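Just so it is clear, the values below take in all heavy atoms, side chains as well, and ignore hydrogens, waters and symmetry mates. Chain letters run A, B, ... following the sequence lines, proteins first and then strands; every chain starts at 1. Note that the coordinates shown come from a computational prediction; the quantities given were computed from them, not determined experimentally.
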Amino acid sequence: DAKTTQPTSMDCAEGRAANLPCNHSTISGNEYVYWYRQIHSQGPQYIIHGLKNNETNEMASLIITEDRKSSTLILPHATLRDTAVYYCIVRVANSGGYQKVTFGIGTKLQVIP
Amino acid sequence: GAGVSQSPSNKVTEKGKDVELRCDPISGHTALYWYRQSLGQGLEFLIYFQGNSAPDKSGLPSDRFSAERTGGSVSTLTIQRTQQEDSAVYLCASSLASGLYEQYFGPGTRLTVT
């Protein structure tokens with residue numbers, strides 16, 4: 001699976017959009033971009049995923065560059081409850097039915113009142 | 001519906017003792033994963049189950065670690081002769097299948113080896 005790089009930490013003012021970048025320059029054509037977050041003392045929570053088109057759901061939006069070498073997770077109106085570590089990972093679409101998922105250290109997002 | 005549950009939520013054990021950690025996946029989820037997370041670190045993959053078989057055990061750090069899954073449901077992670085470096089949060093996740101399905105994580109078991 002492709003390696004991802006993310007900033008170690010970010011701050012965002014409450015109510016503003018939080019834009020979390022992720023670089024995955026070695027991503028291959030059959031790898032999807034996934035985002036999870038982990039709120040303190042809880043297990044990781046799935047947020048969103050995409051292949052090459054931008055995606056939006058009730059939690060966030062995912063913007064993937066045309067060359068797919070980077071992406072941005074957007075939380076449109078950050079709240080204090082969004083303070084968490086955000087993980088960007090890439091996963092192969094079909095690998096005999098199995099995908100080993102590797103989580104890095106992620107980005108610690110601090111939403112400030 | 002019920003999510004992934006893990007027990008115990010906290011476990012303190014003496015060095016050298018064996019421990020068993022339990023994971024109850026979401027009903028109907030055929031894939032099950034174990035990870036561990038040391039303080040301030042990312043998630044470290046340990047083992048993956050598809051049904052009752054474990055096609056990937058590559059993440060198990062030593063032969064003191066083993067896991068099994070019965071009935072395609074409950075899984076147990078066993079650590080024998082625990083060491084202080086085994087102290088971590090052990091997370092279990094399940095997914096509908098082993099393909100491109102998101103993983104749902106349990107709350108974890110915090111293991112402290114004294």
Practice item. Using the side chain to side chain contact (heavy atoms under 4.5 Å, CB included) rule, take A:Gln42 and B:Leu91 through it: C-alpha gap first, then chi angles, then the decisive distance, then the call. Key: CA-CA 9 Å; A:Gln42 298 181 22; B:Leu91 289 156; over 6 Å; no
Check your understanding: Can A:Tyr36 and B:Gln103 be said to form a side chain to side chain contact (heavy atoms under 4.5 Å, CB included), step by step?
Key -> CA-CA 9 Å; A:Tyr36 286 78; B:Gln103 297 179 20; 3.7 Å; yes
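Looking at B:Glu44, there are no atoms closer than 4.5 Å to chain A (heavy atoms on both sides), in backbone or side chain.
Atom CG of B:Leu43 and atom CD1 of A:Ile89 lie 9.5 Å apart (nearest 0.5 Å).
Cluster membership for A:Ile48 and A:Met10, using ILVMFWY side-chain heavy atoms within less than 4.5 angstrom, is shared. By the criterion of side-chain heavy atoms lying less than 4.5 angstrom apart, applied directly or through intervening Ile, Leu, Val, Met, Phe, Trp or Tyr residues, B:Val4 is not grouped with B:Trp34; the two fall into different hydrophobic clusters. Clustering ILVMFWY residues whenever any of their side-chain heavy atoms sit less than 4.5 angstrom apart, transitively, puts B:Ile47 in the very cluster that holds B:Val19. Note on A:Met59: it clusters hydrophobically with A:Leu20, by side-chain heavy-atom contacts below 4.5 Å among ILVMFWY residues. When hydrophobic clusters are built by joining Ile, Leu, Val, Met, Phe, Trp and Tyr residues whose side-chain heavy atoms come closer than 4.5 Å, directly or via intermediates, A:Leu73 is grouped together with A:Ile27.
Heavy-atom neighbours of B:Leu39 CG from other residues, nucleotides or ligands within 6.0 Å: at or below the threshold of 12. A 6.0 Å sphere centred on CD of B:Glu14 holds no more than 12 heavy atoms belonging to other residues, nucleotides or ligands. Atom CZ of B:Arg64 has more than 12 heavy atoms from other residues, nucleotides or ligands within 6.0 Å.
Closest heavy-atom contact between A:Tyr46 and B:Glu102: CD1-CB, 3.4 Å.
Residue pairs meeting the disulfide (SG to SG under 2.5 Å) criterion with at least one member in residues 18-81 of chain B, sequence neighbours excluded, are B:Cys23-B:Cys92.
Within residues 74-82 of chain B, no residue has any heavy atom less than 4.5 Å from a heavy atom of chain A. Below 4.5 Å, heavy atoms of chain A meet heavy atoms from B:Phe105, B:Gly106, B:Pro107, all part of residues 104-114 of chain B.
Taking A:Ile112 as the reference, A:Asp11, A:Gln110 meet the side-chain contact (heavy atoms from CB on, under 4.5 Å) condition, with sequence neighbours excluded.
No option in B:Tyr35, B:Phe45, B:Tyr33 other than B:Tyr35 meets the ring-ring contact (aromatic ring centres under 6.0 Å, His included) test with A:Phe103.
Ranked by heavy-atom pairs under 4.5 Å with chain B, the first of A:Gly104, A:Gly43, A:Pro44 is A:Pro44.
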